[in-house]
Amino acid sequence: MSPNEDPKTPTPPPAGPDEEKTSDQELARAEKLRKLQAAGVDPFPHKIEWTHSASGILSQHGGRTKEELEASPVLVRVPGRILSVRQMGRATFFHISDGRARLQVYIREDALGREAYERFSLFDIGDWVAAEGRLFRTRTGELTVQASSLQFVAKCHKPLPEKWHGLQDVEIRYRRRYLDLIMNPETAEVFRLRSALTARLRRFFDERGYVEVETPMMQAMPGGALARPFVTHHNALDIDLYLRVAPELYLKRLLVGGLERVYEINRSFRNEGIDAEHNPEFTMLEFYQAYSDYNDMMELTEELLGGLVRDLLGKDEFSYGDQVISMKRPWPRLRFREALERYGGLDAAAFEDRSAVVRLGETLAPDKKPLTYGRALDVIFDRRVKHHLAQPTFLINPPKEVSPLAKAALDAPDEAARFELFISGMELANAFSELTDPVEQRLRFEQQAEEKAKGDDESHPIDLDYVQALEYGLPPTGGEGIGIDRLAMLLGNRRNIREVILFPLLRPRE
RNA sequence: GGGCCGUUAGCUCAGUGGUAGAGCACCGGCCUUUUAAGCCGGGUGUCGCUGGUUCGAGCCCAGCACGGCUCACCA
């Protein structure tokens with residue numbers, strides 16, 4: 001606030017970025033706030049006293065009958081935002097919300113007093129109030145607060161979206177998520193579910209002796225995944241830094257250091273396209289367990305996700321779009337090569353014909369040249385196979401070539417000891433028996449560098465500092481990453497990742 | 001990046017080349033158990049932006065901006 005402004009004079013708030021002028025409805029609201037203040041109401045109270053929340057009242061007292069409420073009155077003082085008003089002369093009903101549930105409040109002139117009752121005309125839909133009174137049931141049976149007093153809590157200077165259709169415009173829902181949360185209770189529910197999800201994940205790992213850690217998001221060398229990074233600059237050191245594409249290499253350094261079980265739930269950043277399954281910043285759970293391999297990780301994953309679904313949804317099956325996903329164990333393990341033969345139209349002979357595989361890959365993804373044999377197999381999988389994997393399926397042993405941080409499979413030197421978990425055609429998890437041999441790791445990095453030289457901008461950089469860490473000895477380790485946003489999509493039955501990210505990246509306005 | 005669709009009142013949406021519309025919200029009036037309350041009265045607008053065609057454009061054309069769906073790439 002500038003020093004010349006009188007703090008006692010409410011003015012219309014500055015017009016938002018979308019409006020150059022203040023609408024008639026905003027002027028009317030500002031005038032009401034002025035009148036409230038003239039009547040001695042503090043327009044910006046520091047705090048308010050309250051005894052109950054709206055949703056708390058409904059869950060605690062929702063079962064009380066009219067007679068019970070009359071015999072033993074329940075007194076409450078409940079804050080909330082006004083969402084609808086039905087005014088009938090000397091009596092008024094309105095609903096307030098705490099973001100979870102709507103509670104009706106009843107005021108009447110003879111109970112509230114004429115002055116206080118008339119003051120309600122200065123309250124608008126969207127304003128925050130606190131109602132004090134006793135609970136009763138209306139003629140139609142709705143649990144309602146009969147208010148003996150009303151306190152003004154905060155003004156809503158702008159009109160809310162329409163009460164019946166609500167807020168539909170997805171752009172406004174994402175840009176001004178607060179409006180979405182006010183108008184669409186199911187939005188708030190999804191984010192509560194997401195919160196319960198991460199809490200449940202943390203409990204799972206904490207109970208098993210994992211240490212939760214945080215590793216650098218700004219890295220001098222972005223590793224741990226094959227993806228294009230964001231670049232930024234540190235002024236004092238005068239160096240370019242990359243936003244991490246994965247925490248993997250740092251987490252494995254911690255296992256070298258003797259932390260046998262670690263996990264991290266945090267953001268990674270990939271400078272790639274945006275669509276229904278991709279946001280440039282996304283949340284990943286990564287966890288590493290010493291003395292284990294990728295088979296152990298499959299067991300653990302079934303236990304983790306199976307338990308999660310049972311705890312959060314209360315059953316082993318759930319709907320996702322028009323599919324019903326069953327989490328009943330065990331989940332099938334499908335060899336990558338077998339998947340390509342079954343769904344990708346590649347028989348054993350075609351699989352061995354490396355140049356034919358590359359040609360098919362290039363036909364399917366003409367933008368993605370040059371393709372190596374491994375990358376071509378990956379393309380064919382993405383285009384032809386992935387969408388068949390609706391029920392939880394471990395896709396095991398993909399080509400070693402596209403898995404530079406994984407051990408080779410024990411029985412197949414060209415395959416990686418790795419799995420990806422698919423549910424509803426979405427890649428949800430990615431895990432492997434971590435490559436622990438520093439000499440082999442260095443070799444794999446060098447192979448990646450060769451591909452980069454051939455024009456592959458998603459190859460893994462040579463990280464000699466990481467190789468040095470391996471030289472001190474990494475025990476056999478199973479490691480896994482799980483996409484939390486996608487998991488939230490599944491559990492919340494949302495088809496777009498933006499529905500589970502509070503503030504997804506959008507192009508800035510103007 | 002390509003294709004398709006969209007952008008009109010605070011919100012949800014109609015709108016056929018000829019004066020800009022509805023419901024909700026809002027403003028004024030009536031109404032003491034309503035609940036999409038009801039009844040009477042009031043339209044509050046840079047039709048996304050910039051050009052063009054036309055006597056005349058919300059509508060037709062071009063370009064641009066933003067968004068959605070989709071295809072391609074990445075988790």
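Proteins get letters first, then strands, A, B, ... in listed order; numbering begins at 1 in each.
- The residue A:Asn430 sits apart from the nucleic acid: no heavy atom pair falls under 4.0 Å.
- Evaluation of the side chain to side chain donor-acceptor pair (under 3.5 Å) rule for A:Tyr294 yields A:Asn397 as partners, not counting sequence neighbours.
- Within the structure, every pair that satisfies the salt bridge (Lys or Arg N to Asp or Glu O under 4.0 Å) test and touches residues 62-89 of chain A, not counting sequence neighbours, is listed here: A:Arg77-A:Glu132.
- The stretch residues 133-144 of chain A participates, sequence neighbours left out, in no salt bridge (Lys or Arg N to Asp or Glu O under 4.0 Å) pair at all.
- Residue A:Arg383 has a polar side-chain atom (N or O) positioned under 4.0 Å from OP1 or OP2 of B:rA72.
- In this structure, the nucleotide among B:rA25, B:rC13, B:rU34 sitting nearest to the side chain of A:Ile125 is B:rA25.
- Ring-base stacking between A:His165 and B:rC24 is not satisfied when judged by a centre separation under 5.5 Å and a plane angle under 30°.
- As judged by a 4.0 angstrom heavy-atom cut-off over every strand, A:Gly481 is placed among residues making no nucleic acid contact.
- Of all nucleotides present, none satisfies the Watson-Crick or G-U wobble test against B:rG17 with each distance under 3.5 Å.
- Between A:Arg175 and B:rG67 there is a side-chain N or O to OP1 or OP2 distance below 4.0 Å.
- With a cut-off of 3.5 Å on both pairing distances, the Watson-Crick or G-U wobble partner of B:rC30 is B:rG38.
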Protein-nucleotides 38-42 of chain B N/O pairs under 3.5 Å:
none

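- When heavy atoms are screened at a 4.0 angstrom cut-off, A:Asp382 is found touching the sugar-phosphate backbone but no base atom.
- Residues passing the side chain to side chain donor-acceptor pair (under 3.5 Å) test with A:Arg200, sequence neighbours excluded: A:Asp311.
- Residues meeting the side chain to side chain contact (heavy atoms under 4.5 Å, CB included) test with A:Phe336, sequence neighbours left out: A:Leu340, A:Leu377, A:Asp378, A:Phe381, A:Leu395, A:Pro398, A:Pro399.
- OP1 or OP2 of B:rC66 sits under 4.0 Å from a side-chain N or O of A:Arg507.
- Heavy atoms of A:Phe94 sit nowhere under 4.0 angstrom from any nucleic acid atom.
- Regarding contacts with the backbone of B:rC74, every side-chain N or O of A:Asn279 stays at 4.0 angstrom or more from both OP1 and OP2.
- A:Asp463 meets the side chain to side chain donor-acceptor pair (under 3.5 Å) test with no other residue; sequence neighbours excluded.
- A:Arg90 is linked by a salt bridge (charged side-chain N to carboxylate O under 4.0 Å, His left out) to A:Glu109, counting only residues two or more places apart in sequence or in another chain.
- Considering only side-chain N and O atoms, A:Lys158 lies nowhere under 4.0 angstrom from the phosphate OP1 or OP2 of B:rC26.
- Within the nucleic acid shown, A:Glu420 has no heavy atom closer than 4.0 Å to any nucleic acid atom.
- Across all non-hydrogen atoms, the minimal contact from A:Ala246 to A:Glu286 is CB-OE2, 3.9 Å.
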Could you go through nucleotides 48-50 of chain B and list every protein N or O atom that sits under 3.5 Å from one of its N or O atoms, giving the distance for each pair?
none

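- Salt bridge status for A:Glu401 with A:Arg418: absent, with no side-chain N to carboxylate O gap under 4.0 Å.
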